[in-house]
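What follows is a short report on a single structure.
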Amino acid sequence: EYLERSAPLQLLEYHFSEHAERIHGVLMLDGRRVVIAGEGNGPLAAFTQALGPPVNIQSYEERAVDAGAGARACAFIEMSLPGTSVTRFGVGVHENIVTAALLAACSALNRLLAAAEPAQRAHWLAAIGADVATGAEAASKVDAAAGADAQPRSAELANAGISAQH
């Protein structure tokens, strides 16, 4: 339920610049590719800002799943949509803690949207990523916007079972 849910929102690719605390990414949103970009005081703040419609992060935790240098990270996040008392948790597991955190955010958002009223869900989904692109156009926009100091995570997402398409 937490790790398998990939609709309506799935993270395909992202680049995070620690220096500028910017994120650029590509999401699959109800079957369409959406390019997002945002800034914040860390990856989660930049990601939630990049989505467009506001979301609230209620709590966040991370744990190591394994021991040693090859340990995977498990991120837990509790989120809510403004104006509602409904909260949902999300979980993400990955070798990279930033990727685990973003996967957890997508998991929580998917669970929130499943619980939302149909009108609220439709409004929220329509507001995500005003810059819609497809195929190679989306990848080139992400690469161009990310800049030289970005850390590409396409291969890591692919290793996590998420298709990162260029």
Side-chain angles (χ1 to χ4, degrees), residues 1-16 21-63 72-94 96-135 137-139 141-142 145 153-154 156-165:
E1 177 181 357
Y2 292 92
L3 298 175
E4 291 82 23
R5 188 179 297 244
S6 63
L9 182 69
Q10 180 182 11
L11 181 65
L12 297 179
E13 174 181 348
Y14 76 92
H15 301 271
F16 179 70
E21 298 193 339
R22 291 185 317 240
I23 195 165
H24 297 86
V26 179
L27 305 174
M28 184 63 72
L29 181 66
D30 272 346
R32 65 187 170 110
R33 292 172 67 91
V34 178
V35 175
I36 61 168
E39 296 182 12
N41 64 356
L44 280 174
F47 180 72
T48 57
Q49 191 274 332
L51 292 173
V55 295
N56 299 320
I57 297 175
Q58 305 296 330
S59 65
Y60 174 80
E61 293 182 41
E62 56 191 52
R63 305 260 190 260
R72 292 176 299 149
C74 183
F76 306 91
I77 192 166
E78 180 183 13
M79 300 177 90
S80 66
L81 300 177
T84 70
S85 60
V86 177
T87 67
R88 290 292 184 268
F89 286 89
V91 178
V93 177
H94 196 271
N96 179 287
I97 188 58
V98 173
T99 303
L102 298 178
L103 292 173
C106 289
S107 169
L109 286 168
N110 284 331
R111 297 184 76 245
L112 269 173
L113 292 170
E117 296 291 326
Q120 182 184 28
R121 180 183 190 275
H123 174 74
W124 201 88
L125 288 172
I128 293 178
D131 181 16
V132 177
T134 59
E137 180 186 351
K141 284 184 179 187
V142 170
R153 300 291 183 217
S154 302
E156 291 179 9
L157 293 172
N159 290 338
I162 297 172
S163 61
Q165 302 170 3

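- With sequence neighbours excluded, the residues forming a salt bridge (Lys or Arg N to Asp or Glu O under 4.0 Å) with Arg72 are Asp66, listed by chain and number.
- Glu117 CD to His123 NE2: the interatomic distance, rounded to the nearest 0.5 Å, is 14.0 Å.
- Between Ala104 and Ala75, the closest heavy-atom pair is CB-O, 3.5 Å.
- Across all non-hydrogen atoms, the minimal contact from Arg32 to Leu125 is NH2-O, 3.5 Å.
- In this structure the side chain of Leu51 reaches within 4.5 angstrom of the side chain of Leu109, judged on heavy atoms.
- Between the side chain of Thr87 and the main chain of Ser80, no donor-acceptor pair closer than 3.5 Å is present.
- The distance from the CD atom of Gln120 to the CG atom of Leu113 is 8.0 Å, given to the nearest 0.5 Å.
- Panel note: side chain Thr48, backbone Leu44; a donor-acceptor pair is recorded below 3.5 Å.
- The shortest heavy-atom contact between Leu11 and Cys106 is CB-SG, 4.0 Å.
- Under the 3.5 Å distance criterion, the side-chain polar atoms of Glu61 are left unmatched by any main-chain donor or acceptor of Phe76.
- Interatomic distance, Leu9 CG to Met28 CE, rounded to the nearest 0.5 Å: 11.0 Å.
- Residues forming a side chain to side chain contact (heavy atoms under 4.5 Å, CB included) with Ala108 (at least two apart in sequence, or on another chain): Ile77, Met79.
- The OH atom of Tyr14 sits 11.5 Å away from the CD1 atom of Ile36 when rounded to the nearest 0.5 Å.
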Test side-chain contact (heavy atoms from CB on, under 4.5 Å) on Leu112 and Val86 and set out the steps.
CA-CA 8 Å; Leu112 269 173; Val86 177; 4.2 Å; yes
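- The distance from atom CD of Gln58 to atom CZ of Arg88, rounded to the nearest 0.5 Å, is 12.5 Å.
- Closest non-hydrogen pair, Pro54 versus Pro82, comes out as O-CD, 3.1 Å.
- Shown are Val98, Val55, Leu27; of these, the side chain to side chain contact (heavy atoms under 4.5 Å, CB included) with Phe47 is made only by Leu27.
- Glu21 is listed as a side-chain neighbour of Asn41, based on a closest heavy-atom distance under 4.5 Å.
- For the residue pair Ser107 and Gly90, the shortest heavy atom distance occurs at OG-CA, 3.3 Å.
- Nearest heavy atom pair, residue Leu103 against residue Gly92, reads CB-CA, 4.0 Å.
- Considering CZ of Arg121 and CG of Asp30, their distance stands at 5.5 Å, rounded to 0.5 Å.
- No donor-acceptor pair under 3.5 Å is formed between the side chain of Arg22 and the backbone N or O of Ala37.
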